[in-house]
Amino acid sequence: MDTVCYACGDRTVRATRTHCSCGEPLWLEASPPRSWPVSSDPGMWRYESVLPTEPPTGVGAAAGGTPLVRTPMFDTEGVRTYVKDEGQNPTGSFKDRGSAVGAAAVAASGGERIGTVSHGNMAMSVAAHAAAHDLDCTVLVPADISNERLANIAQYDPEVLRVEGEYGDLYRRTLSPGVETPFLNSDTPLRVAGQKTTGYEICEAFSPSTPDAIVLPVSIGGHLSGIWKALRELRSGGLLDRLPRLYAVQAAACDPIVRAWNAGSGEVSPIEKRETVAYSIANADPPSGTRALAALGETAGGAVSVSEDEIGEARRRFSREGGFRVEASCATTLAGLSRLRERGEIREGEEAVLVVTGSGFKESVKADIEAETIALSEVDERLV
Ligand SMILES: *Cc1c(COP(=O)(O)O)cnc(C)c1O
Ligand SMILES: [Zn+2]
């Protein structure tokens, strides 16, 4: 597959490049599908015809194919809601879709090592998929990473390097020509190719209808880019007659994409970020931010930020009203929906999909736990 620039249309057959000479990230061009797959594979590999590599065996085969569930408890002022539960991927987040494609492609081309810059979901995911292909894996983490995070990553036994200094600069460094190890960062073409399957799955589930809105938490913009790519391919193939509107949600503490959107700017500028519980979406200088803005614009969607209190409240609603244990970053979707409904950007009678990008089970939580201690002899009477 060729890599193409969404911004200037530049095309290159050297699929190893990640960025266009205009500076924007490249993506892999697939021939648009003319029909939904007949494959009985329930996972992401049913879309093999638009993916750049053959289906792997092992954990990569288990990526994607996540449930899309109707969630009446989250309906907001007449908006019908659905949850796309990406927490059910093998390592608990949608990152497995991109890692499955990336690791399989590197292994198929005879590569021996992959790397990533991450201290969260992507690190776990890349390390897991590397293990399944017997690839070496190097994970660059910040020097002050917590032991809890490190322990989660170490389960898959990658080489972990703690890097001192400005962690934000690492993304660019790993793409410099001197680096031979392919890095599967958030918006590399192979990763975006895998992550577009979230969009394929949502659209196929609604087909022949189309959801009105897809609401997702956004950091670097790789997942949003992938979903946008899916919509474009499906429309070119004649499988979508209109595009769902894409909405990016960010924590107000770190919302460079929302700020650029509100300012009507076509480009994202770096910001000073504050602390947020939504650490998975806290990139202050998002490499695919400008492409994310293009996705919001072309689909007539939008962007909204939500406060730490709103995130906490939405997270409680996810578990107490819905039974979903989500990461704080994903709770932003429900909080964002309320805002978008208030503003009339999503309207009564419309259908909205909340993309819950990662499971909350890998984080420990602080909570005031109310649980009474009773004697065995009291159990009967307490259960009448
Ligand atoms: C990585 C991640 C995101 C953000 O995805 P980007 O592609 O960086 O925009 C959102 N939610 C979770 C749970 C993630 O792990
Ligand atoms: Zn370009």
Side-chain angles (χ1 to χ4, degrees), residues 3-12 17-27 29 66 84-89 91-99 116-126 149 152-153 171 184-189 191-196 198-199 215-229 246-251 254-258 268 276-296 303 311 315 318 324-333 336 354-363:
T3 47
V4 179
C5 176
Y6 81 93
C8 71
D10 223 32
R11 172 181 298 271
T12 161
R17 272 183 51 197
T18 59
H19 285 76
C20 180
S21 47
C22 80
E24 282 299 286
L26 294 166
W27 57 23
E29 178 125 295
T66 57
K84 178 67 172 162
D85 189 6
E86 289 299 295
Q88 299 210 27
N89 276 290
T91 70
S93 81
F94 75 90
K95 299 287 197 307
D96 285 327
R97 297 174 183 272
S99 306
T116 195
V117 178
S118 165
H119 48 121
N121 290 324
M122 193 157 56
M124 284 168 51
S125 178
V126 171
R149 296 254 199 104
N152 275 332
I153 300 167
Y171 168 88
L184 293 177
N185 291 337
S186 296
D187 62 350
T188 49
R191 175 166 292 288
V192 171
Q195 290 172 181
K196 78 185 176 185
T198 306
V215 181
L216 74 155
V218 174
S219 183
I220 279 168
H223 198 199
L224 178 63
S225 299
I227 294 175
W228 183 37
K229 184 89 172 64
L246 296 176
Y247 291 95
V249 193
Q250 299 199 290
C254 184
D255 60 352
I257 294 172
V258 178
V268 173
T276 171
V277 287
Y279 68 87
S280 290
I281 52 168
N283 193 302
D285 183 12
S288 276
T290 295
R291 185 165 61 181
L293 291 174
L296 306 180
I311 296 171
R315 194 182 196 187
F318 263 113
F324 292 95
R325 173 89 148 84
V326 305
E327 236 191 67
S329 23
C330 315
T332 60
T333 54
L354 307 178
V355 186
V356 170
T357 44
S359 159
F361 283 118
K362 51 205 171 292
E363 316 172 288

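One-based numbering, in listed order, for ligands and for the atoms of each. Numbering of residues begins at 1 and proceeds along the displayed sequence. Any value given below was found using the heavy atoms of this structure, including those in side chains, with hydrogens, waters and symmetry copies removed.
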Does [X], backbone or side chain, put an N or O under 3.5 Å from an N or O of ligand 1?
X	value
G222	yes
G221	yes
S93	no
F94	no

- Check if L224 has a non-hydrogen atom at a distance under 4.0 Å from any atom of ligand 1. no
- Query: Is there a heavy atom in E327 that sits closer than 4.0 Å to ligand 1?
  - Reply: yes
- Note on the structure: atom 6 (P) of ligand 1: of I220, V192, L216, the nearest heavy atom sits on I220
- Task: Using the side chain to side chain contact (heavy atoms under 4.5 Å, CB included) rule, pick out the option among N121, L216, T198, V356 that qualifies with E86.
- Result: T198
- Item | H223 neighbourhood, listing ligand 1 atoms whose heavy-atom distance to it stays under 4.0 Å | 7 (O)
- Item | Proximal atoms of ligand 1 relative to G358 (non-hydrogen, under 4.0 Å) | 13 (C)
- S125 and D96 side chains, donor-acceptor separation under 3.5 Å: yes
- Per the side-chain hydrogen bond (donor to acceptor under 3.5 Å, both in side chains) rule, which among D285, N283, D187 passes with Y171? D187
- Nearest-0.5 Å distance, CG of residue D255 to OG1 of residue T332: 12.0 Å
Part of [X] with heavy atoms under 4.0 Å of ligand 1, whether side chain, backbone, both or neither:
X	value
N121	side chain
Q195	neither
I281	side chain

- Task: Indicate yes or no for a side-chain donor-acceptor contact from S225 to the backbone of G221 under 3.5 Å, with no hydrogens or angles considered.
- Result: yes
- Donor-acceptor under 3.5 Å (Q195 side chain, I227 main chain): no
- Identify the protein heavy atom lying closest to atom 1 (C) of ligand 1, giving its residue, its atom name and the separation to 0.1 Å. K95 NZ, 1.4 Å
- Item | Working for salt bridge (Lys or Arg N to Asp or Glu O under 4.0 Å), residues E327 and K95 | CA-CA 14 Å; E327 236 191 67; K95 299 287 197 307; over 6 Å; no
- Look at the aromatic rings of F318 and F324 and report parallel, tilted or perpendicular, splitting at 30° and 60°. perpendicular
